[in-house]
Amino acid sequence: MYALVDCNNFYVSCERVFAPQLAGRPVVVLSNNDGCLISRSDEAKALGLKMGEPYHLVRPLLEQQQVRVFSSNYALYGDMSRRVVQVLSNFAAELEIYSIDEAFLDFSGMSLLAPDLPAYGIRVKKTVLKHTGIPTCVGIAPTKTLAKLANRLARRQATTGVLVLSTSEQWEPALAATPVADIWGVGRRYGRKLQEMGILTGAALAALPEHWLRRHLGGVVGQQLWHELHGQPCQGWNPAEWDEDDQLQPAASRRHSITCTRSFGRPQHEAAVLAEAIATFVARAAEKMRRQGLSAHLITVILGTDRYAPTAGPTTHTGVVSLPVSTNDTAALTQAALHGLHRLRRPGTAYHRAGVLLSGLEPAAQAQLGLFAAPAADQPRRQQLMATMDKLNARFGRQLVGLAAAGVAKDANGQPKAPAWAGRSAYCSPRYTTGWHELWRVG
DNA sequence: TCTGGGGTCCTAGGACCC
DNA sequence: TCTGGGGTCCTAGGACCC
């Protein structure tokens with residue numbers, strides 16, 4: 001059996017932990033660049049506010065209804081997520097971190113619990129709430145897909161927030177009551193297609209032959225879905241592992257890419273500004289890569305023009321630079337990325353977004369050596385430099401030290417100032433749990 | 001003026017290799 | 001009259017998830 005533990009309205013719940021006066025009031029959290037609504041309290045949902053809605057379109061309604069608005073604060077949400085996972089790790093031998101606000105627990109080998117699964121689920125929920133202040137819902141079933149379904153239905157049970165679907169007698173009615181587009185793995189496109197074919201519920205989907213799903217729902221992916229809906233586990237399992245800092249992380253070897261992309265506050269066309277932005281993104285992605293003990297031999301530079309312009313043609317342009325030897329050295333990666341940027345950029349074009357993608361990842365300790373390129377003599381010192389940089393930035397705040405290529409945006413008094421390409425973030429809460437100067441004040 | 005970011009898997013065509 | 005099969009790399013896009 002698997003349990004899916006899903007945090008309710010996660011980003012809003014994180015903000016409310018440190019602003020308890022917002023309980024019962026409508027609250028929303030915006031995406032980066034204050035672009036869209038990406039988390040809504042129940043009260044905000046009741047006002048008809050939709051997920052992903054552009055902020056500038058609903059701003060008048062938000063003001064009129066006195067909805068509390070937050071810019072996204074990933075330093076806070078990431079840390080709260082870590083705390084939730086830490087608590088969950090006490091309730092199962094293995095867990096999988098599925099996203100920032102969800103984790104699967106593997107209950108196999110705990111069959112003695114079977115009669116008490118609902119009670120166990122309630123204990124999980126209560127403990128997470130007590131230790132972190134974050135409300136959750138728990139769905140328990142023999143496959144991940146059915147656990148997802150159980151979780152969805154658990155949210156409606158305001159009483160307990162826990163639902164167990166252990167037998168087909170239990171999950172079949174649940175499938176029958178669920179619109180097909182709400183089944184995990186059926187998105188908007190497939191959902192519409194299935195509805196047009198008269199397949200309206202999860203039960204109708206499960207009743208089709210296995211080969212039909214393989215044919216119409218993305219091949220192997222659809223076939224797996226069929227098995228999952230029939231109680232036969234088919235989804236992979238990517239267990240979390242303890243890292244050197246005693247934190248649970250998704251198993252590093254399974255990660256295939258690391259990206260850092262941002263929309264700009266306003267369009268940018270200057271080569272120098274784009275270069276500083278790209279160098280900043282490389283620094284962040286490389287730091288993340290080092291934290292996971294990986295190195296990359298491919299770096300992709302991404303430039304995006306206006307996605308919403310009424311012109312045809314692609315708005316995302318990418319250029320791949322391959323490195324002779326895989327590395328996680330920020331300087332080497334920056335050099336490669338700036339080379340890629342130079343090739344990719346079209347002078348005079350205004351870009352709205354940019355980013356980098358690191359791929360061809362492998363454990364840094366086992367990185368393939370170059371056939372012709374001897375390891376640089378200063379390599380050990382460079383690695384030490386990166387490790388020191390990471391430590392300083394971790395302790396004293398992001399980007400305390402970095403490459404000059406990433407820009408040194410300071411005002412006349414030497415105080416840090418946002419770079420030209422920075423996005424909007426007008427309503428950001430403090431980093432209550434990760435910044436010494438931003439700790440929560442009580443009383 | 002204004003529309004996110006980070007992932008996964010799969011497919012396909014063109015250019016190139018032998 | 002007639003033109004293979006097995007690859008890689010790059011770019012782009014479609015589907016899904018949160």
Side-chain angles (χ1 to χ4, degrees), chain A residues 4 6-7 9-11 28-39 50-60 62 71-72 74 77-78 81 96-104 144-145 148 151-152 181-194 214 216-225 235-236 238 250 254-267 281 284-285 288-289 292 297-298 300-310 313-322 340 343-344 350 352-361 423-426:
Chain A
L4 174 64
D6 189 316
C7 301
N9 313 332
F10 182 55
Y11 298 168
V28 298
V29 175
L30 305 178
S31 64
N32 266 344
N33 214 9
D34 291 346
C36 306
L37 275 53
I38 52 169
S39 183
K50 299 275 182 296
M51 180 70 180
E53 205 151 26
Y55 173 51
H56 71 267
L57 293 182
V58 292
R59 197 169 172 168
L62 297 176
S71 300
S72 40
Y74 288 100
Y77 312 150
S81 173
E96 174 176 339
I97 301 169
Y98 180 68
S99 74
I100 196 166
D101 72 334
E102 283 171 75
F104 288 102
K144 286 182 168 183
T145 307
K148 267 281 195 189
N151 187 287
R152 240 187 74 80
D182 291 341
I183 299 295
W184 194 43
V186 179
R188 279 225 321 273
R189 292 297 183 91
Y190 287 155
R192 208 177 314 145
K193 178 171 151 184
L194 290 166
R214 182 182 173 110
H216 292 97
L217 256 52
V220 177
V221 179
Q223 197 173 7
Q224 286 175 345
L225 177 57
Q235 288 272 339
N238 186 21
R254 302 287 295 277
R255 169 141 295 169
H256 295 130
S257 65
I258 293 171
T259 27
C260 181
T261 68
R262 288 288 178 279
S263 292
F264 299 142
R266 54 191 66 240
F281 304 151
R284 289 197 192 160
K288 193 168 176 183
M289 181 162 70
Q292 298 179 18
H297 72 258
L298 290 171
T300 304
V301 178
I302 302 159
L303 287 177
T305 55
D306 188 1
R307 265 181 288 195
Y308 303 93
T315 60
T316 303
H317 306 278
T318 60
V320 178
V321 181
S322 79
R343 275 195 334 214
L344 187 64
H352 290 233
R353 318 182 311 282
V356 299
L357 182 148
L358 300 171
S359 55
L361 301 182
R424 281 173 298 272
S425 180

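Chain letters run A, B, ... following the sequence lines, proteins first and then strands; every chain starts at 1. Here the structure is a predicted model, which is why all the values come from computation and not from measurement. Worth knowing before you read on, the calculation uses all heavy atoms, side chains too, and leaves out hydrogens, waters and symmetry mates.
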Peer 1: Quick one: does A:Leu194's side chain get under 4.5 Å of A:Val186's, heavy atoms only?
Peer 2: yes
Peer 1: Separation of A:Asp306 atom CG from B:dT1 atom P, in whole Å?
Peer 2: 13 Å
Peer 1: If you count heavy atoms of other groups shown closer than 6.0 angstrom to CZ of A:Arg343, is the number above 12?
Peer 2: yes
Peer 1: Would the distance check show the side chain of A:Arg307 and the main-chain N or O of A:Thr316 forming a donor-acceptor pair, the cut-off being under 3.5 Å?
Peer 2: no
Peer 1: Return yes if some donor-acceptor pair links the side-chain N/O of A:Arg353 with the main-chain N/O of A:Thr305 below 3.5 Å, else return no.
Peer 2: yes
Peer 1: Charged N to carboxylate O under 4.0 angstrom, A:Lys148 versus A:Glu102?
Peer 2: yes
Peer 1: To the nearest Å, how far apart are A:Leu298 CG and C:dT8 P?
Peer 2: 14 Å
Peer 1: Nearest nucleotide by nearest heavy atom, which residue falls closer to the 5' end of DNA chain B, A:Thr261 or A:Asp34?
Peer 2: A:Asp34
Peer 1: Grab the CZ-P distance between A:Arg255 and B:dG6 for me, whole Å please.
Peer 2: 11 Å
Peer 1: Please state how far atom CG in A:Asn33 lies from atom P in B:dT1, giving the value in whole angstrom units.
Peer 2: 16 Å
Peer 1: Kindly point out which of C:dC17, C:dT11, B:dG5 is positioned nearest to the side chain of A:Trp184?
Peer 2: C:dC17
Peer 1: Just to be sure I understand the rule, does A:Arg266 reach a base, reach only the sugar-phosphate, or reach nothing, if contact means heavy atoms closer than 4.0 Å?
Peer 2: nothing
Peer 1: Just the rounded figure in Å: distance from C1' of C:dC16 to NZ of A:Lys144.
Peer 2: 14 Å
Peer 1: Reckon A:Leu30 touches a base, only the sugar-phosphate, or nothing at all at heavy-atom distances under 4.0 Å?
Peer 2: nothing
Peer 1: State which of C:dC18, C:dA12, B:dT3 makes the closest approach to the side chain of A:Arg424.
Peer 2: B:dT3
Peer 1: For A:Tyr98 and C:dC18, is the gap between ring centres under 5.5 Å while the planes differ by less than 30°?
Peer 2: no
Peer 1: Looking across every strand, which nucleic acid part, if any, lies under 4.0 Å from A:Arg59 by heavy atom: base, sugar-phosphate, or nothing?
Peer 2: nothing
Peer 1: Roughly, in whole Å, what's the span from CZ in A:Phe104 to P in C:dC18?
Peer 2: 9 Å
Peer 1: Within the structure, does a side-chain N or O atom of A:His352 lie under 4.0 Å from either OP1 or OP2 of B:dC2?
Peer 2: no
Peer 1: Can you name the closest pair of heavy atoms from A:Leu298 and A:Val320 and give their distance?
Peer 2: CD2-CG1, 3.9 Å
Peer 1: Just checking A:Ser257: base, sugar-phosphate only, or nothing, at a heavy-atom cut-off of under 4.0 Å?
Peer 2: sugar-phosphate
Peer 1: Within the 4.0 Å heavy-atom criterion, would you say A:Tyr190 contacts the bases, only the backbone, or no part of the nucleic acid?
Peer 2: sugar-phosphate
Peer 1: To the side chain of A:His56, which of B:dG5, B:dT3, C:dA12 is closest?
Peer 2: B:dT3
Peer 1: Check every atom of C:dA12, B:dT3, C:dC18 against the side chain of A:His317 and return the nucleotide holding the closest atom.
Peer 2: C:dA12
Peer 1: Is any side-chain N or O of A:Thr318 closer than 4.0 Å to OP1 or OP2 of C:dC10?
Peer 2: no
Peer 1: Taking pairing as Watson-Crick or G-U wobble with both contacts under 3.5 Å, can you name the mate of C:dA15, or confirm there isn't one?
Peer 2: B:dT8
Peer 1: In terms of side-chain heavy atoms of A:Val320, which of C:dT11, C:dC16, B:dT3 is nearest?
Peer 2: C:dT11
Peer 1: A:Thr259 side chain: which of B:dG5, C:dA12, B:dG7 is closest?
Peer 2: B:dG7
Peer 1: Mind calculating the distance between CZ (A:Arg152) and C1' (C:dC17) to the nearest angstrom?
Peer 2: 15 Å
Peer 1: Have a look at A:Glu53 and say if it touches a base, only the backbone sugar-phosphate, or nothing, with a 4.0 Å heavy-atom cut-off.
Peer 2: nothing
Peer 1: Measure from the side chain of A:Lys288, starting at C-beta and using heavy atoms only, and say which of B:dT3, B:dG7, B:dG4 lies closest.
Peer 2: B:dG7
Peer 1: Regarding A:Asp101, tell me which of base, sugar-phosphate or nothing describes its non-hydrogen contacts under 4.0 Å with the strands shown.
Peer 2: sugar-phosphate
Peer 1: Need one value for A:Lys148: base, sugar-phosphate or nothing, where a base atom within 4.0 Å counts as base even if backbone is also close, heavy atoms only.
Peer 2: sugar-phosphate
Peer 1: Side chain of A:Arg189 only, heavy atoms from C-beta on: which candidate in B:dG6, B:dG7, C:dC16 is closest?
Peer 2: C:dC16
Peer 1: Let me spell it out: for each of A:Tyr74 and A:Val221, pick the nucleotide of DNA chain B with the closest heavy atom. Which residue's pick is nearer the 5' end?
Peer 2: A:Tyr74
Peer 1: Please report, rounded to the nearest Å, how far the P atom of B:dC2 is from the CZ atom of A:Arg353.
Peer 2: 14 Å
Peer 1: Using a distance-only test with no angle check, is there a side-chain donor-acceptor pair under 3.5 angstrom linking A:Asp34 and A:Ser71?
Peer 2: yes
